[in-house]
Participant: 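Here you go, one structure.
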Amino acid sequence: MSSRRTETGGRIDRLRTIRFTFDDAPYTGHAGDTLASALLASGVTLFGRSFKYHRPRGLLAAGVEEPNALVTVLRGDVREPNVPATMVEIYDGLVAVSQNRSPSLAWDISAINQLGGKILSAGFYYKTFMGPVIGPLKGTRFWMFCEHFIRRAAGLGRAGVAPDTSRYERMNAFCDVLVVGSGPAGLMAAKAAADQGARVILADLEARFGGSANWSGETIDGAPAAEWAGRIVGQLEGNDNVRLLPRTTVWGYYDGNTLAALERVTDHKEVPAKGEPRQRYWAIRARTVVLATGSFERPLVFPGNDRPGVMLAHAAERYANEYGVLPGARIAVFTNNDSAYRSAVALKKAGAAVVAIVDVRRDVSSEMSRLASEAEAELLAGHAVVATEGGKALTGLKVQRFDLTNGALSGDERSIHADCLAMSGGWSPTIHLASQAGAKAEWDPGRQAFLPPQPTQRWIGAGAFTGSFSTAAAITEGRAAGLQAAGGSTSPAPLPVVEAAPGDPDPAPVFEIKAKGKSFVDFQHDVTAEDVRLAHREGFVSVEHLKRYTTLGMATDQGKSSNVPGLAIMAEALGKPIPEVGTTRFRPPYTAVSIGSLAAERFGDLKPERLTPMHDWHIDNGATMYSAGLWYRPMIYGLAGETVEQAYVREARATRESAGIVDVSTLGKIAVQGPDAAEFLDRVYTNMFSTLAVGKARYGLMLREDGLAFDDGTTWRLGEQDFLMTTTTANAGKVMQHLEYFLDVIWPELKVTVTSVTDEWAGAAIGGPKARAILAACVTGTAVDNATLPFMGIVRGEIAGVPVMICRLSFSGEMAFEVYSGAGYGTRVWEALIEAGKPFGLVSYGLEALGTMRIEKGHVTGAEIDGRTTARDLHLDWMLSKKKPFIGSAMMDREGLISPERLQLVGLISLDNRPFNGGAHIVEELDEDNPHDSIGHITACCYSPALGKYIALALVKDGKARHGTRAFVSDPLRSRFGPIEIVSNHFYDPDGSRMHG
């Protein structure tokens, strides 16, 4: 293979030679090369095999949109498949291999699929393997036979099985202005916003900022565009209010101007520096976003357009100008617009022979004719490429006269010898992020492209993203966008002066040249123009159905270059204009995102760990922690030599005798606000909340739509239109989804907002006979006596100088108070309460003691509200309002839900003084050898220090009628059998005198 490296030019460091391997063969490149440019410089034209037909494929693009040259990068035993070679920066020791071929890239046995013809057309797997209808393989048996072979052949790269030892990080960032894309528009936007004092983040997926300025060959302010871009980047680097994120792909746009990004920190390094992660996941929350993401050049659809050596015109120009690599020695250009002429001139200046410019337009402007002459290329106006020649590399092409008005070909074919064909079918703005942010793209008939929708979030577009394809327009729009995003006025500085080749950005409306042979629309998935028409004939006329039936625009490609040609062909088949056919919504991620980066520091964990603000205090003070839902909470604060039971009995007894404090920060907390908040809560809860006075709280019960109990908790009325709802720890997320569903789908007319504020509040519950005295010793700004703070009352004050909100309510059955403060001050308030409680014998207690006291009191939790119980089963029917409808009220009286034989909540007392086990069954007759006829089961159990007995809560058939009777516990799995007494679930203080006193 001969070298295609130019003698001069490019932005590579020719003094630094880098060695790497591809398919076990050694190669060299220079610093600044991608794997694609380095291999192309070495004369490599074959980069991969196509998905279905295993046709030989070369480079189509030079950036992230590359669909063909997907490789697997190896780091030891760790494999990363399906990486575009155009996005792999070479480094010493890089090992990459090609994919989807066997035994080698040059000789792939699966290339026999090319003989399959129409058998392997779109949807072949739906139709081919469902028969024959006779013989041993009839029906689906034939599919079952073929499935094994199909699955082995499917896919592109092969996933690895070795553990990934790399380290990943997650970062949260906040900024005034996030600029996505660092071409001329993005650079001007970032500079304008930064000059106004705004906090700016500039992110670009490339290693080098500047975008098209790095390869356009244009002049800006009298200097090469790349130098001008470098100067702007240098100025941005010197600003303290600017963060630059190269190699960072912003891949998702979410509600609230939250964007997700992936930074490739060390993928380009042979050995990471100490402490460096491989990749970093960014969650960026921006006040305003500037989208300057540029555009993608589209391929033209014609027979043989996938042959190695056929590439996009701007890619050929970029390889020459940025990497100093000629994509071919004899280059032909095929276009429907003016931009390819600039590419032709650039390739000529780089040293290539431009043998012809084939333009589907008959009338070419005098300026383009001049550029064709400058490129010393024969101009074939009113012609089209109808075929290409060659095997694993292009050797020539055939052209024919073309009528732009009807797409007809005429005259004899003419052969042109060329080893590279640079094509341009127009430009599509990169609107993925704008589409994700909401609203439909808008078709522009002049640009023959979808432009971004009207913003539904705070974003501003600039440059080619908006359809402004000239550098001068991009610079103008970029500055305006940056100023607007930062809230600034017009900048007094003059705009940079751009010297660029002339050209009209509007292409001719030609997407396909209809001639004999396979014409590819989606290169990555082997979707041809005939596949699109077949989908139409078979009834798949929706763009979403077209996508799924043909696989057009799926997987890593996401339609970056193929969407518009595919939609144009479908529109023609339907006899409709393209905007009527529409386009699919772009889904995140924009490019592939590693699971490791999403897991980041939690790598190896099955679920995330949530820690309360007082977590470190608990650890430092001897707490034994365990997972409760997603949270880590204290189980006990054990003393030396204590068992778990001894510890929780001590903690519970001390709380009932004096006072105890427990961390309740994990309770779900939801702000319900708006003019209709009270009405909404009346519909959500079974009891009334619109009558609740400001400064009061009320216990509430929610049902599901089917009438079964869903969740319970207290809701505090902080203002006429301001409520704070608390939920059980485990159900916080489900309750939030429940509320959002009813507001968004069932009652959208209600003026209510719901906001999860669980993480905003730290909570401490202090209870016991001396709890009020402890509060009085440390709370300022309010009294806490019974008159000021009655049961279910709310006051505001300060503890240790921290504003707090205190509600008198109890889960333990003792006089108790919940103290809420801002999460950042949680430990400070907690320690102040601990210090104030020392003279009173205050103890800290964990979940085991909390559970013991709630069992003694007979309060229910998720163990009893298990998705099968009703309010009546739990003796909460007193909360079912008869004055209003509520969620579940229409279904709660179904025959099966009011049967007297339903399982009802009861208490159990062990008569043999042995512990119970959760889940154990209750039987009327004990049969240890053949356990049978369960009448219920235990939901929660403990040793009760108040009663001096082992007790439990249980759900038992017709339970209330069984109070005072005896039965047996039957637990064969743990060999626990014995007599019990069934009693009321209210073991302790049934009249509530301790709680209300």
Side-chain angles (χ1 to χ4, degrees), residues 1-2 19-29 34-36 38-60 66-88 90 93-117 119-120 124-125 128-129 145-162 304 306-310 388-395 419 518 520 522-527 551 555-557 592:
M1 290 179 282
S2 58
R19 292 169 175 79
F20 65 96
T21 65
F22 178 66
D23 280 351
D24 297 326
Y27 293 93
T28 61
T34 63
L35 178 62
L39 289 174
L40 189 62
S42 297
V44 175
T45 58
L46 181 61
F47 281 77
R49 291 281 177 169
S50 70
F51 173 69
K52 185 164 60 176
Y53 298 112
H54 287 253
R55 289 168 68 99
R57 290 280 166 82
L59 293 169
L60 178 72
E66 173 57 44
N68 294 333
L70 303 182
V71 301
T72 295
V73 177
L74 305 178
R75 287 182 181 266
D77 294 330
V78 177
R79 306 172 59 89
E80 184 179 11
N82 300 328
V83 183
T86 51
M87 298 301 293
V88 178
I90 62 171
L94 169 68
V95 178
V97 294
S98 57
Q99 305 179 156
N100 199 38
R101 81 291 185 274
S102 180
S104 69
L105 187 58
W107 302 102
D108 181 11
I109 191 171
S110 295
I112 195 173
N113 288 356
Q114 295 176 57
L115 303 177
I119 295 176
L120 296 180
F124 75 95
Y125 32 80
T128 307
F129 301 109
F145 172 76
C146 298
E147 183 181 19
H148 171 72
F149 302 100
I150 293 174
R151 291 196 181 281
R152 288 192 63 182
L156 291 168
R158 177 168 59 87
V161 295
D306 69 322
R307 201 176 303 281
V310 180
T388 61
E389 299 171 331
K392 299 179 181 68
L394 182 74
T395 58
D419 57 0
K518 286 189 182 298
F520 286 89
D522 185 324
F523 292 79
Q524 188 166 105
H525 300 97
D526 274 347
V527 179
T551 67
T556 64
D557 179 64

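Being a predicted model, the structure only gives us computed values, none of them experimental. We count residues from 1, following the sequence as given.
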Participant: Under a 4.0 Å threshold between the charged nitrogen and the carboxylate oxygen, would Arg49 count as salt-bridged to Asp526?
Facilitator: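 Salt bridge between Asp526 and Arg49, a charged N being under 4.0 Å from a carboxylate O: no.
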Participant: Ala85 and Val71: which non-hydrogen atoms are nearest, and at how many Å?
Facilitator: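 Reported closest heavy-atom pair: CB-CG1, 4.2 Å.
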Participant: What pair of heavy atoms forms the shortest contact from Gly29 to Ala38, and how long is it?
Facilitator: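 Looking at all heavy atoms of both residues, the shortest contact is CA-CB, 4.2 Å.
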Participant: Ignoring hydrogens and geometry, is there a side-chain-to-backbone donor-acceptor pair from Glu66 to Leu59 under 3.5 Å?
Facilitator: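 Here the side-chain-to-backbone pair does not exist.
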Participant: For His54 and Asn100, indicate whether the former's side chain and the latter's backbone hold a donor-acceptor pair under 3.5 Å.
Facilitator: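 Yes; at least one donor-acceptor contact below 3.5 Å.
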Participant: Could you grab the distance from atom CG of Asp306 to atom CG of Asn68, nearest 0.5 Å is fine?
Facilitator: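 Result: 7.5 Å between the selected atoms.
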Participant: Cation-pi check, Arg307 to Phe520: give yes when NZ or CZ is under 6.0 Å from the six-membered ring centre and within 45° of the ring axis, no otherwise.
Facilitator: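 Verdict for Phe520: no cation-pi partner in Arg307.
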Participant: Yes or no on side-chain contact (heavy atoms from CB on, under 4.5 Å) for Leu94 and Val88, after CA distance, side-chain angles and deciding distance?
Facilitator: CA-CA 9 Å; Leu94 169 68; Val88 178; 4.0 Å; yes
Participant: Should the pair Asp23-Arg101 be classified as a salt bridge under the 4.0 Å nitrogen-to-oxygen rule?
Facilitator: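 Counted as a salt bridge, because a side-chain N and a carboxylate O are separated by less than 4.0 Å.
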Participant: With a 4.5 Å heavy-atom cut-off, do Leu39 and Phe20 have their side chains touching?
Facilitator: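 Sidechains of Phe20 and Leu39: in contact.
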Participant: Please give me the minimum heavy-atom distance between Ile109 and Pro103, naming the atom from each residue.
Facilitator: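 In terms of heavy atoms, the two residues are closest at N-CD, 4.3 Å.
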Participant: Mind checking whether Arg75 and Glu80 have side chains closer than 4.5 Å, heavy atoms only?
Facilitator: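 Answer no - side chains too far apart.
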Participant: Distance check, rounded to the nearest 0.5 Å: Ser50 atom OG versus Gln524 atom CD?
Facilitator: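 If I round to the nearest 0.5 Å, the distance is 11.0 Å.
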Participant: Would Asn82 and Gln99 count as a side chain to side chain donor-acceptor pair (under 3.5 Å) here? Give the steps.
Facilitator: CA-CA 8 Å; Asn82 300 328; Gln99 305 179 156; 2.9 Å; yes
Participant: Hey, is the main chain of Phe523 close enough, under 3.5 Å, to the side chain of Arg57 for a donor-acceptor pair?
Facilitator: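 Here the side-chain-to-backbone pair exists.
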Participant: Would you give the length of the straight line joining atom OG of Ser102 to atom CG of Asp108, rounded to the nearest 0.5 angstrom?
Facilitator: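 With rounding to 0.5 Å, OG (Ser102) is 7.0 Å from CG (Asp108).
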Participant: Once you round to the nearest 0.5 Å, how far does CG of Leu46 lie from OG of Ser98?
Facilitator: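 Result: 7.5 Å between the selected atoms.
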Participant: Is there a donor-acceptor pair under 3.5 Å between the side chain of Thr45 and the backbone N or O of Lys392?
Facilitator: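 Side chain of Thr45 to backbone of Lys392: a pair is present.
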Participant: Classify the ring geometry of Phe47 against Phe22: parallel below 30°, tilted from 30° to 60°, perpendicular beyond 60°.
Facilitator: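 Judged by the thresholds at 30° and 60°, the geometry between Phe47 and Phe22 is tilted.
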Participant: Taking all non-hydrogen atoms of both residues into account, name the closest pair between Thr34 and Thr86 and its distance.
Facilitator: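 The pair with the smallest heavy-atom distance is CG2-O, 3.3 Å.
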Participant: Which residues pass the side-chain contact (heavy atoms from CB on, under 4.5 Å) test with Ala592, not counting sequence neighbours?
Facilitator: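 side-chain contact (heavy atoms from CB on, under 4.5 Å) list for Ala592, sorted by chain: empty.
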Participant: So, do Val73 and Val95 sit near enough that their side-chain heavy atoms are less than 4.5 Å apart?
Facilitator: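 SC-SC contact between Val73 and Val95 ruled out.
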Participant: Within the distance-only criterion (no hydrogens, no angle test), does the side chain of Arg79 pair as donor or acceptor with the backbone N or O of Arg158 below 3.5 angstrom?
Facilitator: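 A pair under 3.5 Å: yes.
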Participant: Taking all heavy atoms of Pro56 and all of Pro308, pick out the closest pair and write down the distance.
Facilitator: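 Looking at all heavy atoms of both residues, the closest pair is O-CD, 3.4 Å.
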Participant: With Tyr27, which of Val44, Thr21, Leu35 fulfils side chain to side chain contact (heavy atoms under 4.5 Å, CB included)?
Facilitator: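 Option passing the side chain to side chain contact (heavy atoms under 4.5 Å, CB included) with Tyr27: Val44.
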Participant: For the atom pair OG (Ser104) and CG (Asp24), what is the distance rounded to the nearest 0.5 Å?
Facilitator: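 It comes to 11.0 Å.
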